[in-house]
Structure formats: structure tokens, C-alpha cells
Amino acid sequence: MNCPYCGFHDSKVIDSREVNDGIRRRRQCLSCGSRFTTYERLQPASLFVIKKDERREEFNRDKLLTGIRKACEKRPLPTGTVDKLADDIEAELYHLGRSEVPSAVIGDMVMERLKSLDHIAYIRFASVYREFADITALKQEIDTLVGSEVSAFVPTSQLPLLPDDRLVARSRRRGQTRGRRKTNAKTGSRK
Ligand SMILES: [Zn+2]
């Protein structure tokens, strides 16, 4: 592996440890002294992804990584989060033990993880992956997200979608709306 900074062909390993299904090696370039990281992993039996238009292509971890990275761009996530996410998904895919997986399954795996990780990244990914037809569909998704956040346990590590004060105001409004709906349902009237 050539040095990503100067292109020199040789480096020494300064640290090595096992991660998930591979080995992570911290290297130092023997020419310029820069440090970089490589991963060594076993190439499992081929896995094919069935696309929406029925075409098949070999599973490509880099492609998955690029998609996640784009969604997480400039989000305040700990270093290595994106790689770990891709690792987890890749491992889960191979553990399915299937030779073909619909692209939708992979998309859902990413969505599920991003949802509990970072809401902005989630919405970004969803907007590409689900190809929201218009702004209304996108807004619906955001509303669902905010709704579930308000009603469910919110982990402290979760980055808020909205600034705190707006979120609280919104949850209050939502609570009222929900209350009204319940009453209306009982009386059978709809608003
Ligand atoms: Zn170098």
C-alpha cells in the first residue's frame, strides 16, 4: 500500500489490532513519516446486490461507505463512526448467508442505524435513498422522526434534529394535537 501523502511504496506497522472481522494496522511512511491506517479483511464469497431495476452487481463496500459518508458529512460524529457503520452492515449482510440481497435491504439497514445515530444524516440518506417525490413527503418523514423522538426514550447521545427549545415547543403542540385527536375519535367527529 503506497503512502497516501507522498506515494512512497513502503511503510512500517506501528500498531495492529483486530477489529470486527479484520485487522486494523496503523502505518508510518518510511519516506515522509506520515501515518495512515489500513484494514485487512477476508474477502468472503461473492455477494450480489439486486437493484431496483433488477440489475445485479457485486456488493461494493466502498460504494456503501461513500453513501453513508455523504449523509454524515460535517456531522459531529466521533471519528470512525462511518467506517464502523459500514463494517456492521457488511458483517450483517454476510451473516445473512445469502448470495443475493436486494438493495432495499441494505438501504433499510443503513436507515435503521442512522436513525439512532444522527437525525440529519438519516434525513439526508433517506432523501436520496427513498427519493422523496416532493417536499411534503420529506416533511412527513421528518414529522414521524420528531414524533417518535418525543414519544420514545431519547438517548443522551442522540443529536437533536431541532434546537432544544423548538423541539420542546413542538412536542407540546404534538401532545395537545394527540389529545384532541383522541377525544375526537371517541365522539366520532373528525377535524
Ligand atoms: Zn509518505
Side-chain angles (χ1 to χ4, degrees), residues 19-20 37 39 41 46-96 98-178 180-181 191:
V19 284
N20 296 338
T37 306
Y39 290 90
R41 63 184 62 247
S46 298
L47 176 69
F48 283 87
V49 179
I50 307 168
K51 319 259 289 177
K52 265 184 236 164
D53 60 9
E54 309 271 297
R55 273 186 307 127
R56 285 166 194 213
E57 58 181 45
E58 199 162 343
F59 171 72
N60 182 335
R61 182 177 185 275
D62 289 339
K63 212 170 162 182
L64 172 69
L65 199 57
T66 305
I68 301 172
R69 196 167 275 157
K70 235 177 232 169
C72 294
E73 204 162 41
K74 294 188 179 158
R75 296 302 302 155
L77 296 167
T79 314
T81 304
V82 171
D83 288 276
K84 182 167 186 318
L85 214 145
D87 280 349
D88 287 351
I89 290 170
E90 189 183 16
E92 194 175 330
L93 282 173
Y94 283 109
H95 286 155
L96 290 176
R98 285 153 60 175
S99 57
E100 295 179 340
V101 176
S103 59
V105 170
I106 303 175
D108 287 346
M109 283 179 179
V110 177
M111 301 258 291
E112 192 187 297
R113 283 167 173 81
L114 285 182
K115 202 172 196 170
S116 58
L117 196 67
D118 184 90
H119 283 165
I120 299 291
Y122 170 79
I123 288 296
R124 280 185 191 153
F125 188 86
S127 66
V128 174
Y129 168 65
R130 289 226 173 125
E131 296 166 355
F132 291 124
D134 50 40
I135 194 74
T136 313
L138 179 61
K139 189 183 173 298
Q140 265 171 11
E141 184 67 37
I142 293 174
D143 284 348
T144 311
L145 197 60
V146 175
S148 69
E149 182 177 81
V150 167
S151 57
F153 165 68
V154 184
T156 47
S157 63
Q158 179 65 61
L159 300 156
L161 184 63
L162 300 169
D164 281 351
D165 52 340
R166 284 180 59 200
L167 188 63
V168 171
R170 195 177 247 262
S171 76
R172 250 186 237 131
R173 274 206 306 280
R174 286 198 141 246
Q176 284 166 8
T177 313
R178 231 176 251 147
R180 267 207 303 281
R181 272 197 199 124
K191 216 169 188 181

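Hydrogens, waters and symmetry mates play no part in the numbers below; they use all other heavy atoms, side chains included.
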query = After noting the C-alpha distance and the side-chain angles of D53 and K51, does the key distance pass the salt bridge (Lys or Arg N to Asp or Glu O under 4.0 Å) rule?
reply = CA-CA 5 Å; D53 60 9; K51 319 259 289 177; over 6 Å; no
query = Hey, are E57 and K63 close enough for a salt bridge, meaning a charged N less than 4.0 Å from a carboxylate O?
reply = yes
request  = Taking the side chain as every heavy atom from C-beta outward, state whether D118 and L114 have any pair of such atoms under 4.5 Å apart.
outcome  = no
remark   = CZ (R69) and CG (L64) are apart, to the nearest 0.5 Å, by 10.5 Å
query = Could you state the interatomic distance from CG (L117) to CZ (R75), rounded to the nearest 0.5 Å?
reply = 10.0 Å
ask   = Residues two or more places apart in sequence or in another chain: which of them pass side chain to side chain donor-acceptor pair (under 3.5 Å) with R61?
value = D87, E90
task = Please report the C-alpha distance between I123 and I120 in whole Å, then the side-chain angles of each, then the deciding distance to 0.1 Å, and finally whether the side-chain contact (heavy atoms from CB on, under 4.5 Å) criterion is met.
result = CA-CA 5 Å; I123 288 296; I120 299 291; 6.0 Å; no
note = dist S103:OG -> I50:CD1 (nearest 0.5 Å) comes out at 8.5 Å
request  = Taking salt bridge (Lys or Arg N to Asp or Glu O under 4.0 Å) as the test, write out the residues that go with K84, two or more places apart.
outcome  = D88
query = Is any side-chain heavy atom of R98 less than 4.5 Å from a side-chain heavy atom of L93?
reply = no
query = Which is it for I68 and R113 under the side-chain contact (heavy atoms from CB on, under 4.5 Å) test, yes or no, and what are the steps along the way?
reply = CA-CA 10 Å; I68 301 172; R113 283 167 173 81; over 6 Å; no
ask   = Any side-chain heavy atom of N60 sitting closer than 4.5 Å to one from V49?
value = no
query = Hey, are the side chains of F125 and V110 touching, using non-hydrogen atoms and a 4.5 Å cut-off?
reply = yes
ask   = So which heavy atom on R124 is nearest to which on A71, and how close?
value = NH1-O, 2.8 Å
ask   = Between atom CG of D83 and atom CG of L65, what is the distance when rounded to the nearest 0.5 Å?
value = 5.0 Å
task = Kindly compute the distance separating OH (Y122) from OG (S127), expressed to the nearest 0.5 Å.
result = 11.0 Å
